[in-house]
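Please read the structure below before turning to the comments.
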Protein chains: 2
Amino acid sequence: MPKIIAERSDVIPVLAEIFREYGYEGASLSLIGSRTGLGKGSLYHFFPGGKEQMASEVLREIDGWFEDAVYKPLRDGDDPRAAILEMCRSVATYFRSGKRVCLIGAFALDNVRDRFSDAIRDYFAVWQRSLQQALVRIGHDADRASDIAEDAILSIQGALVLSRALDDTAVFERAMARVEAGLLAGPGQGA
Amino acid sequence: MPKIIAERSDVIPVLAEIFREYGYEGASLSLIGSRTGLGKGSLYHFFPGGKEQMASEVLREIDGWFEDAVYKPLRDGDDPRAAILEMCRSVATYFRSGKRVCLIGAFALDNVRDRFSDAIRDYFAVWQRSLQQALVRIGHDADRASDIAEDAILSIQGALVLSRALDDTAVFERAMARVEAGLLAGPGQGA
DNA sequence: GTCTATATGGAGATAGAC
DNA sequence: GTCTATCTCCATATAGAC
(Lines give C-alpha, C1' and ligand atoms only; values in the text may rest on other atoms or scores of the structure.)
Protein backbone atom coordinates (compact mmCIF):
# COMPACT_ATOMS: atom_id res chain seq x y z
CA MET A 1 0.00 0.00 0.00
CA PRO A 2 2.21 2.86 -1.23
CA LYS A 3 1.47 6.49 -0.70
CA ILE A 4 3.31 9.51 -2.14
CA ILE A 5 2.35 12.34 0.15
CA ALA A 6 3.29 15.85 -0.83
CA GLU A 7 1.26 18.27 1.18
CA ARG A 8 -0.03 18.34 4.68
CA SER A 9 -3.63 18.32 3.52
CA ASP A 10 -2.99 15.08 1.66
CA VAL A 11 -2.09 13.37 4.92
CA ILE A 12 -5.42 13.86 6.69
CA PRO A 13 -7.50 11.49 4.52
CA VAL A 14 -4.86 8.82 4.90
CA LEU A 15 -4.91 9.29 8.65
CA ALA A 16 -8.68 9.08 8.60
CA GLU A 17 -8.56 5.74 6.85
CA ILE A 18 -5.96 4.40 9.28
CA PHE A 19 -8.03 5.44 12.30
CA ARG A 20 -11.11 3.88 10.75
CA GLU A 21 -9.32 0.59 10.17
CA TYR A 22 -7.34 0.34 13.37
CA GLY A 23 -9.07 2.60 15.86
CA TYR A 24 -7.35 5.31 17.83
CA GLU A 25 -5.22 3.11 20.04
CA GLY A 26 -4.57 0.57 17.33
CA ALA A 27 -3.18 3.20 14.99
CA SER A 28 0.41 3.23 16.16
CA LEU A 29 2.78 5.94 15.00
CA SER A 30 4.93 3.39 13.21
CA LEU A 31 1.88 2.17 11.30
CA ILE A 32 0.97 5.74 10.51
CA GLY A 33 4.53 6.34 9.41
CA SER A 34 4.61 3.43 7.04
CA ARG A 35 1.17 4.09 5.56
CA THR A 36 1.78 7.79 4.99
CA GLY A 37 5.39 7.38 4.01
CA LEU A 38 6.37 9.98 6.59
CA GLY A 39 8.97 9.53 9.28
CA LYS A 40 8.23 10.40 12.84
CA GLY A 41 10.17 13.62 12.36
CA SER A 42 7.84 14.76 9.60
CA LEU A 43 4.80 13.58 11.45
CA TYR A 44 5.65 15.66 14.51
CA HIS A 45 6.60 18.55 12.30
CA PHE A 46 3.09 18.53 10.83
CA PHE A 47 1.35 17.63 14.05
CA PRO A 48 3.26 18.92 17.07
CA GLY A 49 0.40 17.70 19.23
CA GLY A 50 1.08 14.11 18.24
CA LYS A 51 -1.58 11.50 17.68
CA GLU A 52 -4.26 13.41 19.50
CA GLN A 53 -3.85 16.35 17.14
CA MET A 54 -3.94 14.01 14.16
CA ALA A 55 -7.23 12.56 15.31
CA SER A 56 -8.64 16.01 16.05
CA GLU A 57 -7.85 17.24 12.58
CA VAL A 58 -9.29 14.09 11.06
CA LEU A 59 -12.53 14.65 12.94
CA ARG A 60 -12.61 18.25 11.75
CA GLU A 61 -12.08 17.17 8.16
CA ILE A 62 -14.86 14.61 8.37
CA ASP A 63 -17.18 17.11 9.98
CA GLY A 64 -16.37 19.64 7.29
CA TRP A 65 -17.12 17.17 4.55
CA PHE A 66 -20.51 16.31 6.02
CA GLU A 67 -21.30 19.95 6.60
CA ASP A 68 -20.71 20.81 2.96
CA ALA A 69 -22.00 17.67 1.29
CA VAL A 70 -24.91 16.78 3.55
CA TYR A 71 -25.89 19.18 6.32
CA LYS A 72 -25.87 22.45 4.43
CA PRO A 73 -28.03 21.20 1.53
CA LEU A 74 -30.49 19.84 4.08
CA ARG A 75 -30.83 23.24 5.73
CA ASP A 76 -30.39 25.64 2.85
CA GLY A 77 -31.07 23.71 -0.35
CA ASP A 78 -33.89 24.73 -2.66
CA ASP A 79 -35.45 21.29 -2.56
CA PRO A 80 -35.46 19.65 0.89
CA ARG A 81 -36.84 16.42 -0.54
CA ALA A 82 -33.99 16.21 -3.02
CA ALA A 83 -31.50 17.01 -0.27
CA ILE A 84 -32.81 14.14 1.84
CA LEU A 85 -32.53 11.76 -1.08
CA GLU A 86 -29.04 13.02 -1.78
CA MET A 87 -28.14 12.51 1.89
CA CYS A 88 -29.10 8.84 1.64
CA ARG A 89 -27.07 8.45 -1.52
CA SER A 90 -24.04 10.26 -0.09
CA VAL A 91 -24.12 8.29 3.13
CA ALA A 92 -24.32 4.96 1.33
CA THR A 93 -21.39 5.89 -0.86
CA TYR A 94 -19.37 7.39 1.96
CA PHE A 95 -19.70 4.33 4.16
CA ARG A 96 -19.19 1.99 1.23
CA SER A 97 -22.40 0.16 1.94
CA GLY A 98 -21.28 -0.60 5.46
CA LYS A 99 -17.76 -1.78 4.67
CA ARG A 100 -16.41 1.47 6.01
CA VAL A 101 -16.94 2.37 9.62
CA CYS A 102 -18.15 5.73 10.88
CA LEU A 103 -15.08 6.92 12.74
CA ILE A 104 -17.09 9.29 14.87
CA GLY A 105 -19.58 6.61 15.82
CA ALA A 106 -16.75 4.23 16.66
CA PHE A 107 -15.11 6.91 18.81
CA ALA A 108 -18.41 7.41 20.60
CA LEU A 109 -18.32 3.79 21.80
CA ASP A 110 -14.62 3.84 22.55
CA ASN A 111 -12.85 5.05 25.66
CA VAL A 112 -11.38 7.90 23.62
CA ARG A 113 -14.84 9.41 23.61
CA ASP A 114 -13.99 11.72 26.50
CA ARG A 115 -11.05 13.16 24.63
CA PHE A 116 -13.12 14.14 21.61
CA SER A 117 -16.54 14.48 23.15
CA ASP A 118 -17.22 17.95 21.75
CA ALA A 119 -16.45 16.98 18.17
CA ILE A 120 -18.47 13.79 18.51
CA ARG A 121 -21.49 15.52 19.95
CA ASP A 122 -21.42 18.35 17.41
CA TYR A 123 -21.21 15.99 14.48
CA PHE A 124 -24.39 14.18 15.44
CA ALA A 125 -26.22 17.18 16.86
CA VAL A 126 -25.75 19.22 13.71
CA TRP A 127 -26.72 16.28 11.53
CA GLN A 128 -29.88 15.80 13.53
CA ARG A 129 -30.85 19.46 13.45
CA SER A 130 -30.14 19.79 9.74
CA LEU A 131 -32.20 16.75 8.89
CA GLN A 132 -34.97 17.94 11.16
CA GLN A 133 -35.11 21.28 9.34
CA ALA A 134 -35.44 19.56 5.98
CA LEU A 135 -38.28 17.46 7.36
CA VAL A 136 -40.05 20.52 8.71
CA ARG A 137 -39.76 22.14 5.32
CA ILE A 138 -41.41 19.07 3.85
CA GLY A 139 -44.35 19.63 6.11
CA HIS A 140 -43.74 17.76 9.35
CA ASP A 141 -44.27 19.49 12.64
CA ALA A 142 -41.10 20.17 14.61
CA ASP A 143 -41.47 17.41 17.20
CA ARG A 144 -42.22 14.69 14.74
CA ALA A 145 -39.41 15.91 12.45
CA SER A 146 -36.99 15.68 15.36
CA ASP A 147 -38.11 12.15 16.08
CA ILE A 148 -37.81 11.00 12.48
CA ALA A 149 -34.38 12.59 12.09
CA GLU A 150 -33.13 10.98 15.26
CA ASP A 151 -34.41 7.59 14.17
CA ALA A 152 -32.80 7.89 10.75
CA ILE A 153 -29.37 8.79 12.09
CA LEU A 154 -29.38 6.13 14.74
CA SER A 155 -30.52 3.56 12.20
CA ILE A 156 -27.59 4.41 9.98
CA GLN A 157 -25.20 4.04 12.89
CA GLY A 158 -26.78 0.79 13.97
CA ALA A 159 -26.66 -0.50 10.42
CA LEU A 160 -22.92 0.09 10.39
CA VAL A 161 -22.55 -1.88 13.61
CA LEU A 162 -24.74 -4.77 12.53
CA SER A 163 -23.51 -5.08 8.96
CA ARG A 164 -19.96 -5.19 10.24
CA ALA A 165 -20.82 -7.69 12.95
CA LEU A 166 -22.52 -9.97 10.47
CA ASP A 167 -20.03 -9.09 7.75
CA ASP A 168 -22.92 -8.54 5.39
CA THR A 169 -23.38 -5.37 3.37
CA ALA A 170 -26.94 -6.38 2.55
CA VAL A 171 -27.89 -5.45 6.11
CA PHE A 172 -26.71 -1.92 5.48
CA GLU A 173 -28.42 -1.70 2.09
CA ARG A 174 -31.75 -2.82 3.51
CA ALA A 175 -31.45 -0.41 6.43
CA MET A 176 -30.75 2.50 4.10
CA ALA A 177 -33.80 1.59 2.04
CA ARG A 178 -35.93 1.66 5.19
CA VAL A 179 -34.40 4.95 6.29
CA GLU A 180 -35.07 6.55 2.95
CA ALA A 181 -38.64 5.32 2.94
CA GLY A 182 -39.23 6.61 6.46
CA LEU A 183 -37.72 9.98 5.62
CA LEU A 184 -39.72 10.51 2.46
CA ALA A 185 -43.04 9.02 3.57
CA GLY A 186 -44.31 12.55 4.04
CA PRO A 187 -46.49 14.03 6.73
CA GLY A 188 -49.91 12.54 7.26
CA GLN A 189 -48.82 9.03 6.36
CA GLY A 190 -46.80 8.22 9.48
CA ALA A 191 -47.92 7.08 12.92
CA MET B 1 -14.09 0.90 43.98
CA PRO B 2 -13.34 -2.13 46.16
CA LYS B 3 -13.79 -5.67 45.08
CA ILE B 4 -13.46 -8.82 47.16
CA ILE B 5 -13.21 -11.54 44.60
CA ALA B 6 -13.43 -15.08 45.80
CA GLU B 7 -14.19 -17.30 42.88
CA ARG B 8 -13.20 -17.32 39.30
CA SER B 9 -16.77 -16.85 38.15
CA ASP B 10 -16.96 -13.65 40.17
CA VAL B 11 -14.18 -12.15 38.10
CA ILE B 12 -15.92 -12.33 34.73
CA PRO B 13 -18.59 -9.68 35.39
CA VAL B 14 -15.93 -7.31 36.70
CA LEU B 15 -13.87 -7.91 33.58
CA ALA B 16 -16.94 -7.27 31.46
CA GLU B 17 -17.49 -3.92 33.08
CA ILE B 18 -13.84 -2.95 32.63
CA PHE B 19 -13.90 -3.87 28.94
CA ARG B 20 -17.11 -1.93 28.48
CA GLU B 21 -15.66 1.15 30.10
CA TYR B 22 -12.18 1.11 28.63
CA GLY B 23 -12.39 -1.04 25.52
CA TYR B 24 -10.15 -4.00 24.81
CA GLU B 25 -6.92 -2.11 24.29
CA GLY B 26 -7.68 0.44 26.96
CA ALA B 27 -8.18 -2.25 29.60
CA SER B 28 -4.59 -2.69 30.69
CA LEU B 29 -3.58 -5.58 32.88
CA SER B 30 -2.61 -3.23 35.66
CA LEU B 31 -6.04 -1.64 35.55
CA ILE B 32 -7.63 -5.07 35.54
CA GLY B 33 -5.44 -6.01 38.46
CA SER B 34 -6.43 -3.04 40.55
CA ARG B 35 -10.13 -3.28 39.76
CA THR B 36 -10.37 -7.01 40.44
CA GLY B 37 -7.97 -6.92 43.36
CA LEU B 38 -6.00 -9.72 41.72
CA GLY B 39 -2.28 -9.65 41.01
CA LYS B 40 -0.93 -10.58 37.64
CA GLY B 41 0.02 -13.94 39.02
CA SER B 42 -3.56 -14.73 39.97
CA LEU B 43 -4.85 -13.32 36.73
CA TYR B 44 -2.64 -15.57 34.66
CA HIS B 45 -3.44 -18.47 36.93
CA PHE B 46 -7.13 -18.01 36.09
CA PHE B 47 -6.60 -17.04 32.48
CA PRO B 48 -3.45 -18.62 31.06
CA GLY B 49 -4.38 -17.18 27.69
CA GLY B 50 -4.04 -13.67 29.02
CA LYS B 51 -6.21 -10.76 28.06
CA GLU B 52 -7.55 -12.43 24.94
CA GLN B 53 -8.89 -15.30 27.00
CA MET B 54 -10.42 -12.87 29.48
CA ALA B 55 -12.27 -11.13 26.68
CA SER B 56 -13.37 -14.42 25.14
CA GLU B 57 -14.86 -15.61 28.39
CA VAL B 58 -16.56 -12.27 28.92
CA LEU B 59 -18.16 -12.56 25.49
CA ARG B 60 -19.30 -16.08 26.29
CA GLU B 61 -20.82 -14.95 29.56
CA ILE B 62 -22.69 -12.11 27.87
CA ASP B 63 -23.92 -14.38 25.13
CA GLY B 64 -25.09 -16.90 27.70
CA TRP B 65 -27.00 -14.26 29.60
CA PHE B 66 -28.81 -13.08 26.50
CA GLU B 67 -29.52 -16.63 25.43
CA ASP B 68 -31.23 -17.42 28.71
CA ALA B 69 -32.89 -14.10 29.42
CA VAL B 70 -33.84 -12.98 25.94
CA TYR B 71 -33.31 -15.36 23.04
CA LYS B 72 -34.76 -18.53 24.48
CA PRO B 73 -38.03 -16.94 25.63
CA LEU B 74 -38.40 -15.42 22.17
CA ARG B 75 -38.09 -18.81 20.53
CA ASP B 76 -39.68 -21.15 23.03
CA GLY B 77 -41.84 -19.05 25.32
CA ASP B 78 -45.56 -19.66 25.53
CA ASP B 79 -46.40 -16.09 24.68
CA PRO B 80 -44.24 -14.56 21.91
CA ARG B 81 -45.83 -11.17 22.40
CA ALA B 82 -44.94 -11.17 26.06
CA ALA B 83 -41.42 -12.35 25.24
CA ILE B 84 -40.94 -9.41 22.86
CA LEU B 85 -42.12 -6.98 25.49
CA GLU B 86 -39.86 -8.59 28.03
CA MET B 87 -36.95 -8.31 25.59
CA CYS B 88 -37.47 -4.56 25.38
CA ARG B 89 -37.61 -4.29 29.10
CA SER B 90 -34.53 -6.47 29.65
CA VAL B 91 -32.52 -4.61 27.04
CA ALA B 92 -33.34 -1.21 28.50
CA THR B 93 -32.35 -2.40 31.95
CA TYR B 94 -29.24 -4.21 30.76
CA PHE B 95 -27.90 -1.21 28.88
CA ARG B 96 -28.92 1.16 31.67
CA SER B 97 -30.91 3.31 29.29
CA GLY B 98 -27.91 3.84 27.07
CA LYS B 99 -25.39 4.62 29.80
CA ARG B 100 -23.88 1.20 29.39
CA VAL B 101 -22.31 0.24 26.08
CA CYS B 102 -22.94 -3.00 24.24
CA LEU B 103 -19.51 -4.58 24.45
CA ILE B 104 -20.17 -6.80 21.47
CA GLY B 105 -21.34 -3.90 19.34
CA ALA B 106 -18.32 -1.88 20.38
CA PHE B 107 -16.04 -4.78 19.50
CA ALA B 108 -17.73 -4.98 16.09
CA LEU B 109 -16.56 -1.45 15.30
CA ASP B 110 -13.13 -1.91 16.82
CA ASN B 111 -10.04 -3.39 15.28
CA VAL B 112 -10.35 -6.32 17.68
CA ARG B 113 -13.31 -7.44 15.61
CA ASP B 114 -11.21 -9.94 13.68
CA ARG B 115 -10.07 -11.61 16.85
CA PHE B 116 -13.59 -12.27 18.10
CA SER B 117 -15.50 -12.29 14.84
CA ASP B 118 -17.25 -15.62 15.47
CA ALA B 119 -18.59 -14.62 18.87
CA ILE B 120 -19.67 -11.23 17.54
CA ARG B 121 -21.47 -12.68 14.56
CA ASP B 122 -23.20 -15.39 16.57
CA TYR B 123 -24.47 -12.99 19.19
CA PHE B 124 -26.29 -10.87 16.63
CA ALA B 125 -27.28 -13.70 14.31
CA VAL B 126 -28.94 -15.67 17.07
CA TRP B 127 -30.66 -12.57 18.39
CA GLN B 128 -32.01 -11.81 14.96
CA ARG B 129 -33.24 -15.35 14.34
CA SER B 130 -34.83 -15.62 17.77
CA LEU B 131 -36.66 -12.35 17.37
CA GLN B 132 -37.73 -13.30 13.88
CA GLN B 133 -39.25 -16.53 15.17
CA ALA B 134 -41.27 -14.66 17.76
CA LEU B 135 -42.54 -12.32 15.08
CA VAL B 136 -43.53 -15.22 12.85
CA ARG B 137 -45.44 -16.74 15.72
CA ILE B 138 -47.27 -13.45 16.08
CA GLY B 139 -48.42 -13.78 12.51
CA HIS B 140 -45.84 -12.09 10.30
CA ASP B 141 -44.56 -13.87 7.23
CA ALA B 142 -40.94 -14.97 7.44
CA ASP B 143 -39.44 -12.28 5.21
CA ARG B 144 -41.17 -9.41 6.89
CA ALA B 145 -40.36 -10.83 10.32
CA SER B 146 -36.70 -10.99 9.36
CA ASP B 147 -36.79 -7.38 8.26
CA ILE B 148 -38.50 -6.13 11.40
CA ALA B 149 -36.14 -8.07 13.64
CA GLU B 150 -33.10 -6.73 11.84
CA ASP B 151 -34.39 -3.20 12.11
CA ALA B 152 -35.11 -3.54 15.82
CA ILE B 153 -31.65 -4.86 16.67
CA LEU B 154 -29.84 -2.30 14.60
CA SER B 155 -31.95 0.45 16.10
CA ILE B 156 -30.95 -0.63 19.57
CA GLN B 157 -27.30 -0.62 18.60
CA GLY B 158 -27.61 2.74 16.91
CA ALA B 159 -29.41 4.13 19.92
CA LEU B 160 -26.47 3.14 22.09
CA VAL B 161 -24.09 4.94 19.75
CA LEU B 162 -26.17 8.08 19.47
CA SER B 163 -27.20 8.38 23.09
CA ARG B 164 -23.57 8.07 24.10
CA ALA B 165 -22.43 10.54 21.48
CA LEU B 166 -24.99 13.09 22.61
CA ASP B 167 -24.65 12.04 26.22
CA ASP B 168 -28.41 11.88 26.46
CA THR B 169 -30.28 8.85 27.74
CA ALA B 170 -33.54 10.28 26.40
CA VAL B 171 -32.34 9.33 22.92
CA PHE B 172 -32.16 5.72 23.99
CA GLU B 173 -35.51 5.80 25.73
CA ARG B 174 -37.27 7.23 22.69
CA ALA B 175 -35.60 4.71 20.41
CA MET B 176 -36.70 1.83 22.61
CA ALA B 177 -40.26 3.13 22.54
CA ARG B 178 -40.18 3.18 18.74
CA VAL B 179 -38.64 -0.29 18.64
CA GLU B 180 -41.29 -1.68 20.92
CA ALA B 181 -44.06 -0.07 18.89
CA GLY B 182 -42.63 -1.42 15.63
CA LEU B 183 -42.27 -4.89 17.08
CA LEU B 184 -45.77 -5.11 18.47
CA ALA B 185 -47.65 -3.30 15.71
CA GLY B 186 -48.78 -6.67 14.49
CA PRO B 187 -49.15 -8.02 10.96
CA GLY B 188 -51.43 -6.17 8.59
CA GLN B 189 -50.66 -2.75 10.07
CA GLY B 190 -47.15 -2.31 8.68
CA ALA B 191 -46.01 -1.13 5.27
C1' DG C 1 11.19 19.36 6.22
C1' DT C 2 13.02 14.82 6.76
C1' DC C 3 16.02 11.63 8.62
C1' DT C 4 18.29 8.48 12.40
C1' DA C 5 18.99 7.72 16.99
C1' DT C 6 17.31 7.71 21.34
C1' DA C 7 14.72 8.73 25.72
C1' DT C 8 11.16 7.06 28.61
C1' DG C 9 7.30 4.79 29.92
C1' DG C 10 4.00 1.19 30.14
C1' DA C 11 2.23 -2.64 27.88
C1' DG C 12 1.59 -7.99 28.14
C1' DA C 13 3.60 -11.80 29.93
C1' DT C 14 6.68 -15.01 32.83
C1' DA C 15 9.52 -16.97 36.79
C1' DG C 16 9.85 -18.56 40.93
C1' DA C 17 9.51 -17.85 46.03
C1' DC C 18 6.08 -18.48 49.39
C1' DG D 1 -3.21 -19.42 44.51
C1' DT D 2 -0.92 -15.18 45.23
C1' DC D 3 2.93 -12.37 45.52
C1' DT D 4 7.23 -9.61 43.83
C1' DA D 5 10.57 -9.09 40.59
C1' DT D 6 11.68 -9.06 36.10
C1' DC D 7 11.73 -9.84 30.95
C1' DT D 8 10.88 -8.13 26.43
C1' DC D 9 8.72 -5.40 23.37
C1' DC D 10 6.71 -1.50 21.42
C1' DA D 11 4.27 2.62 22.37
C1' DT D 12 4.65 7.97 22.12
C1' DA D 13 7.61 11.45 21.90
C1' DT D 14 12.08 14.15 21.41
C1' DA D 15 16.83 15.67 19.84
C1' DG D 16 19.64 17.08 16.68
C1' DA D 17 22.23 16.21 12.27
C1' DC D 18 21.45 17.07 7.54
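Within every chain, numbering begins at 1; the chains are lettered A, B, ... in the order of the sequence lines, protein sequences first and strands thereafter. Note that the structure is predicted; figures quoted are calculated from it, not measured.
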Within less than 4.0 Å of OP1 or OP2 of D:dC10, is there a side-chain N or O belonging to A:S30?
-> no
For A:K40, answer base if it contacts any base atom (sugar-phosphate contacts may also be present), sugar-phosphate if it contacts only those atoms, and nothing otherwise; contact means non-hydrogen atoms under 4.0 Å.
-> base
Is A:G41 touching bases, backbone alone, or none of the nucleic acid, heavy atoms closer than 4.0 Å?
-> base
Measure the distance from NE2 on B:H45 to P on C:dG12 and round it to the nearest whole Å.
-> 20 Å
Can you tell me the distance, in whole Å, between the CG atom of B:L38 and the P atom of C:dG12?
-> 15 Å
To the nearest 0.5 Å, atom CG of A:L85 lies from atom CE of A:M87 at 9.5 Å
Does A:R8 make a cation-pi contact with A:F47, if we ask for NZ or CZ under 6.0 Å from the ring centre and within 45° of the axis?
-> yes
Where do B:G98 and B:L160 come nearest, in terms of heavy atoms and distance?
-> CA-CD2, 3.8 Å
Find the distance A:Y44:OH to C:dA7:C1' and express it as a whole number of Å.
-> 13 Å
Tell me: CG of B:L31 to C1' of C:dA11, nearest whole Å?
-> 12 Å
Taking atom C1' of C:dA5 as reference, at what distance in whole Å does atom CG of A:L43 sit?
-> 17 Å
Salt-bridge contact A:R178-B:E150 (side-chain N to carboxylate O under 4.0 Å) | yes
Interatomic distance, A:E25 CD vs C:dG12 P [rounded to whole Å] = 11 Å
Return no unless some side-chain N or O of A:S28 is found under 4.0 Å from OP1 or OP2 of D:dC10.
-> no
Test side chain to side chain contact (heavy atoms under 4.5 Å, CB included) applied to B:F19 and B:K51, step by step | CA-CA 10 Å; B:F19 282 127; B:K51 205 161 85 160; 4.1 Å; yes
Taking atom P of C:dA5 as reference, at what distance in whole Å does atom CG of A:L29 sit?
-> 18 Å
Tell me: CE of B:M54 to P of C:dA13, nearest whole Å?
-> 8 Å
Does A:S42 place a side-chain N or O at less than 4.0 Å from the phosphate oxygens OP1/OP2 of C:dC3?
-> yes
When you match A:Y24 and B:G39 each to their closest nucleotide on DNA chain D, which lands nearer the 5' end?
-> B:G39
